J.: 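Before I ask anything, let me first share the structure, which is written out below as structure tokens.
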Amino acid sequence: MKILRRVLDVAEKGDWALINTDAAPVRVWFLTPDIVRVRVGFSGDFREHSYTLALTGWDDELDDLMRAYRRRITPEQVRRLCETDEAVTLGGSQLRLKIYKDPFKLEILDAEGRVLHRDIETVLMASRNLNM
């Protein structure tokens with residue numbers, strides 16, 4: 001089992017961002033003003049082959065098969081809003097993603113700074129105690 005414990009760096013790639021961690025890379029898209037997609041590449045690649053995604057902003061191996069059900073859009077541009085020793089904050093037009101570096105955890109905030117999602121701290125602490 002791979003556990004993401006620490007952020008090594010964060011890079012904006014236009015309409016997505018790459019978070020390199022000590023265990024696996026993470027990709028982030030601000031797909032729409034109110035949808036953030038976070039994907040971890042545990043296998044070392046980000047091959048996409050989903051039957052369930054109805055809205056995408058990237059290539060998927062099943063695009064031809066799912067053509068009647070899927071809509072492709074251009075994700076919002078990712079902007080680095082601020083960085084401290086503790087965290088990097090990325091933003092789209094409405095949402096913010098705060099990426100804590102050590103331990104690695106995520107918060108999603110609205111434009112007014114209200115927390116919409118926060119990783120569960122007890123799970124993070126338990127995973128730090130695993131010897132893997």
Side-chain angles (χ1 to χ4, degrees):
M1 176 189 297
K2 294 181 180 180
I3 299 172
L4 287 62
R5 291 189 170 96
R6 188 170 50 88
V7 172
L8 305 176
D9 61 65
V10 178
E12 300 93 315
K13 303 288 188 177
D15 62 2
W16 61 283
L18 175 64
I19 305 168
N20 285 306
T21 74
D22 56 343
V26 179
R27 288 185 179 175
V28 175
W29 292 265
F30 289 87
L31 197 54
T32 69
D34 56 358
I35 298 174
V36 176
R37 177 145 194 245
V38 178
R39 184 148 185 254
V40 181
F42 286 112
S43 63
D45 66 28
F46 285 90
R47 286 182 53 211
E48 189 82 66
H49 40 271
S50 174
Y51 286 103
T52 60
L53 292 174
L55 183 68
T56 66
W58 48 83
D59 290 334
D60 184 297
E61 293 179 8
L62 299 182
D63 279 344
D64 288 337
L65 178 66
M66 302 303 291
R67 184 178 308 124
Y69 307 99
R70 181 172 290 159
R71 187 169 62 124
R72 171 82 58 88
I73 63 169
T74 301
E76 297 187 332
Q77 292 294 299
V78 175
R79 297 172 290 132
R80 183 178 301 242
L81 301 177
C82 68
E83 181 169 2
T84 66
D85 290 341
E86 179 183 70
V88 175
T89 302
L90 302 177
S93 64
Q94 296 295 316
L95 298 176
R96 311 290 177 259
L97 180 67
K98 190 168 186 177
I99 305 157
Y100 289 90
K101 298 177 183 179
D102 192 4
F104 171 67
K105 63 181 177 179
L106 300 174
E107 283 182 353
I108 299 174
L109 304 102
D110 66 13
E112 287 77 39
R114 292 181 294 237
V115 175
L116 305 174
H117 164 83
R118 177 179 288 140
D119 286 340
I120 301 170
E121 194 70 33
T122 55
V123 172
L124 294 169
M125 289 304 151
S127 73
R128 290 183 75 78
N129 294 325
L130 295 175
N131 294 322
M132 295 183 185

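All values below were derived from every heavy atom in this structure, side-chain atoms included, with hydrogens, water molecules and symmetry-related copies excluded. Numbers for residues simply follow the sequence, beginning at 1. A quick note: this is a predicted structure, and the numbers were derived from the prediction, not measured.
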J.: To check you understand the geometry: which heavy-atom pair defines the closest contact between Ala24 and Gly41, and what is its length?
T.: CB-O, 3.9 Å
J.: Let me confirm one number: the CD1-CZ distance from Ile19 to Arg27, rounded to the nearest 0.5 Å.
T.: 12.0 Å
J.: Would you give the length of the straight line joining atom CZ of Arg96 to atom NZ of Lys98, rounded to the nearest 0.5 angstrom?
T.: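 Arg96 atom CZ to Lys98 atom NZ measures 13.0 Å (nearest 0.5 Å).
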J.: Does anything in residues 7-20 pair up under salt bridge (Lys or Arg N to Asp or Glu O under 4.0 Å), and if so which pairs, sequence neighbours excluded?
T.: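 Matches after skipping sequence neighbours: Glu12-Arg80.
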J.: Let me see the working for Leu109 and Leu95 under side-chain contact (heavy atoms from CB on, under 4.5 Å), right down to the final yes or no.
T.: CA-CA 6 Å; Leu109 304 102; Leu95 298 176; over 6 Å; no
J.: How far does CD1 of Ile3 sit from CZ of Arg6, to the nearest 0.5 angstrom?
T.: 14.5 Å
J.: Taking only residues two or more places apart in sequence or in another chain, which ones pass side-chain hydrogen bond (donor to acceptor under 3.5 Å, both in side chains) with Thr21?
T.: none
J.: Using the side-chain contact (heavy atoms from CB on, under 4.5 Å) rule, take Lys2 and Phe42 through it: C-alpha gap first, then chi angles, then the decisive distance, then the call.
T.: CA-CA 7 Å; Lys2 294 181 180 180; Phe42 286 112; 3.8 Å; yes
J.: Can you tell me how far apart CG (Leu97) and CG (Leu116) are? Round to the nearest 0.5 Å.
T.: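 Answer rounded to 0.5 Å: 11.0 Å.
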J.: To the nearest 0.5 Å, what is the distance between CG (Leu90) and CH2 (Trp16)?
T.: 12.5 Å
J.: Measuring only between side-chain heavy atoms, which start at C-beta, is Trp29 closer than 4.5 Å to Arg39?
T.: yes
J.: Strictly distance-based, threshold 3.5 Å: is any side-chain N or O of Lys101 a donor or acceptor partner for the main-chain N or O of Thr84?
T.: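 Such a contact is found between Lys101 side chain and Thr84 backbone.
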J.: For Val10 and Leu18, what are the C-alpha separation, side-chain angles and deciding distance, and is it a side-chain contact (heavy atoms from CB on, under 4.5 Å)?
T.: CA-CA 6 Å; Val10 178; Leu18 175 64; over 6 Å; no
J.: Could you grab the distance from atom OH of Tyr100 to atom CG of Asp119, nearest 0.5 Å is fine?
T.: 10.0 Å
J.: Treating Arg79 as the side-chain partner and Gly92 as the backbone partner, does any N or O pair qualify as donor plus acceptor under 3.5 Å?
T.: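 Yes, the answer is positive, given that a donor and an acceptor are paired below the 3.5 Å cut-off.
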J.: Short question: side chain of Asn20, backbone of Pro25 - any donor-acceptor pair under 3.5 Å?
T.: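 Looks like no, no N/O pair under 3.5 Å.
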J.: Applying side-chain contact (heavy atoms from CB on, under 4.5 Å), run through Val38 and Val26 and close with a yes or a no.
T.: CA-CA 7 Å; Val38 178; Val26 179; 3.7 Å; yes
J.: Under the salt bridge (charged side-chain N to carboxylate O under 4.0 Å, His left out) test, which residues partner Asp110, sequence neighbours left out?
T.: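 Asp110 satisfies salt bridge (charged side-chain N to carboxylate O under 4.0 Å, His left out) with Arg114 once adjacent residues are dropped.
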J.: Quick one: are Pro103 and Arg5 in side-chain contact, heavy atoms under 4.5 Å?
T.: no
